[in-house]
Amino acid sequence: MEDDIRRRIDTLLAPYPQAAPRLALLPPLPNTEVRRLQRALAQRTADACCWYVCLSAKEEFGIAVLEAMDAGLSVAGPRRGESRTTSATRSTAS
């Protein structure tokens, strides 16, 4: 599933080579590294807005999405699982 999503992203980006350097598709990382990266990205200026995009359809509870929101990042996730509910709750609560 995740490999398919990565291929789709590559296909969507192909006509926009200027966008490719602005996107980082990272492999799975230890949680401590993810949290450090999220906090660093959230500290960037408004002209360099960063998003946390959860590609995992297996993110059942949405912890990664909650951690990204806690760090101050905008988030996007799959329509399945708790990521959808968590993101919707956050956007209506803000």
Side-chain angles (χ1 to χ4, degrees):
M1 176 72 123
E2 290 176 45
D3 288 339
D4 180 51
I5 291 171
R6 286 175 179 268
R7 279 191 293 278
R8 288 170 153 185
I9 290 170
D10 288 340
T11 301
L12 290 170
L13 282 176
Y16 307 99
Q18 70 278 14
R22 300 183 61 164
L23 179 70
L25 292 175
L26 303 174
L29 299 169
N31 194 45
T32 54
E33 288 184 44
V34 171
R35 296 291 284 161
R36 189 176 311 127
L37 179 59
Q38 289 171 341
R39 297 224 180 267
L41 290 172
Q43 297 298 318
R44 298 182 59 136
T45 61
D47 63 326
C49 179
C50 296
W51 280 70
Y52 176 83
V53 179
C54 178
L55 297 179
S56 178
K58 298 176 287 193
E59 184 66 41
E60 295 170 0
F61 184 67
I63 293 294
V65 172
L66 288 172
E67 290 173 341
M69 290 188 312
D70 179 59
L73 295 172
S74 297
V75 301
R79 292 181 186 216
R80 295 187 248 170
E82 278 304 308
S83 293
R84 180 179 183 193
T85 305
T86 301
S87 297
T89 302
R90 172 59 182 247
S91 65
T92 57
S94 307

Sequence neighbours excluded, which residues qualify as side-chain contact (heavy atoms from CB on, under 4.5 Å) partners of [X]?
X     : value
Leu23 : Ile9, Leu13, Leu25
Leu12 : none
Arg39 : Arg35, Asp70, Ala71
Pro30 : Thr32, Glu33

Less than 4.5 Å apart, any side-chain heavy atom of Leu37 and any of Leu26?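 In short, these two side chains touch, coming nearer than 4.5 Å.
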Evaluate the side-chain proximity of Leu73 to Leu41: yes if any heavy-atom separation is below 4.5 Å, no if none is.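 The answer is yes; the side chains approach within 4.5 Å.
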Just how far is it from atom OH of Tyr52 to atom CE of Met69, taken to the nearest 0.5 Å?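 Between Tyr52 OH and Met69 CE, I get 11.0 Å after rounding to 0.5 Å.
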Please list all pairs passing the salt bridge (charged side-chain N to carboxylate O under 4.0 Å, His left out) test where one or both residues lie in residues 12-21, with sequence neighbours left out.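 Pairs touching residues 12-21 that pass the test: none.
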Should Arg8 and Asp4 count as an ion pair when the cut-off is N to O under 4.0 Å?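 Yes.
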Provide the closest heavy-atom pair for Pro21 versus Pro17 in the form atom of the first, atom of the second, distance.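 So the minimum-distance heavy-atom pair works out to CD-O, 3.3 Å.
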Applying side-chain hydrogen bond (donor to acceptor under 3.5 Å, both in side chains), can you list everything that pairs with Arg36, at least two apart in sequence or on another chain?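 By the side-chain hydrogen bond (donor to acceptor under 3.5 Å, both in side chains) rule, Arg36 matches no residue at all.
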